[in-house]
Amino acid sequence: MSATRARLPAAERRAALIETALRTFSAGSYRGVTTADIAREAGVTEPILYRHFASKRDLYLACLEEAWSRLRAAWETIRAEEPPGQWLPSMGTCAFRELEQSKLLVSNLWIQALTEASDDAEIGRQLRLHLLEVHGYVAGTIRAAQAIGAIIAKRDPEAEAWVFMSLGLLGSISRRLGGGLVEEDFPRIVAARREWMLAEPAPERAA
């Protein structure tokens, strides 16, 4: 029996299916990927996949939660290790650039879910709850930085959290259009946001 088909404990099998589905959805789209595709990539049969997930939608929503869990853990590390004035810039870089290497950009999954939300009320409902959770985390981070004077106190954390998230969506839209839409502008966007939030320009990069 091959390693990919070896019997795994239920929790490990579920985790392995989510890992495979994350890669498969990221390489394609929610509508274009089938459970047969995911099962084949995972080295299992569809009946085994359906033991763990009642539908493709349930698996996709599990992927969305897993991608957010990984991003949140990375953000927690940033908050623990970096100065508060650097939290938002580093969180943005982590979310929209560094994690691109693993094809697990949460904002990419948002775009896919938005595409389906008009036809699938449950995906729409879950995406709404998910976006509110991410927004709450970002707003809480801004408030924590404001409390120790690292971000200008009069900035509205709720509004600024939505702006922060919108940049991730903008980057994902550009990537889905083949790139070149906003990439050249992002350094200026980041510098402008830094000056707005911290009242100081971004450090100049070495040539």
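Owing to the predicted nature of the structure, the values given are computational and were not obtained by experimental measurement.
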Min side-chain heavy-atom separation [X]-[Y] under 4.5 Å:
| X | Y | result |
| --- | --- | --- |
| Glu65 | Leu61 | no |
| Phe53 | Ile18 | yes |
| His52 | Val44 | no |
| Glu133 | Leu129 | no |
| Arg51 | Arg14 | no |

Which heavy atom in Ala67 sits nearest to a heavy atom in Leu109, and how many Å separate them?
-> CB-CD1, 3.7 Å

Rounded distance [0.5 Å steps], CG in Leu198 versus CD in Gln86 |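 Between atom CG of Leu198 and atom CD of Gln86 there are 8.5 Å.
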
Value rounded to 0.5 Å, distance of CZ in Arg40 from OG1 in Thr35 | 10.0 Å

Would you check, one step at a time, whether the test side-chain hydrogen bond (donor to acceptor under 3.5 Å, both in side chains) holds for Glu82 with Ser90?
-> CA-CA 9 Å; Glu82 299 195 19; Ser90 294; 2.5 Å; yes

Could you pull out all residues at least two apart from Arg79 that satisfy side chain to side chain contact (heavy atoms under 4.5 Å, CB included)?
->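 So Arg79 forms a side chain to side chain contact (heavy atoms under 4.5 Å, CB included) with Trp87, Tyr137, Thr141, Ala144.
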
May I ask you to decide if the ring planes of Tyr30 and Phe25 are parallel, tilted or perpendicular, using 30° and 60° as cut-offs?
->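 Rings of Tyr30 and Phe25: parallel, under 30°.
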
Take Glu41 and Val33 through the test side-chain contact (heavy atoms from CB on, under 4.5 Å) and record every step on the way to the result.
-> CA-CA 11 Å; Glu41 289 294 321; Val33 169; over 6 Å; no

Measure centre to centre between the rings of Trp68 and Trp110, then say whether the value is under 6.0 Å.
-> no

Does Gly180 offer a backbone N or O that forms a donor-acceptor pair with the side chain of Glu183 under 3.5 Å?
-> yes

Short N-O contact, Glu76 and Arg72, less than 4.0 angstrom | no

Salt bridge between Asp119 and Arg31, side-chain N to carboxylate O under 4.0 Å?
-> yes

Residues that Trp162 engages under ring pair (Phe, Tyr, Trp, His ring centres under 6.0 Å), provided they are two or more places apart |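 By the ring pair (Phe, Tyr, Trp, His ring centres under 6.0 Å) rule, Trp162 matches His135.
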
Regarding Gln112 and Glu116, is there a side-chain donor-to-acceptor distance under 3.5 Å anywhere?
->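 Not at all, the side chains of Gln112 and Glu116 share no donor-acceptor pair under 3.5 Å.
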
side-chain contact (heavy atoms from CB on, under 4.5 Å) between Val134 and Leu71: does it pass, once the steps are laid out?
-> CA-CA 10 Å; Val134 177; Leu71 178 59; 6.0 Å; no

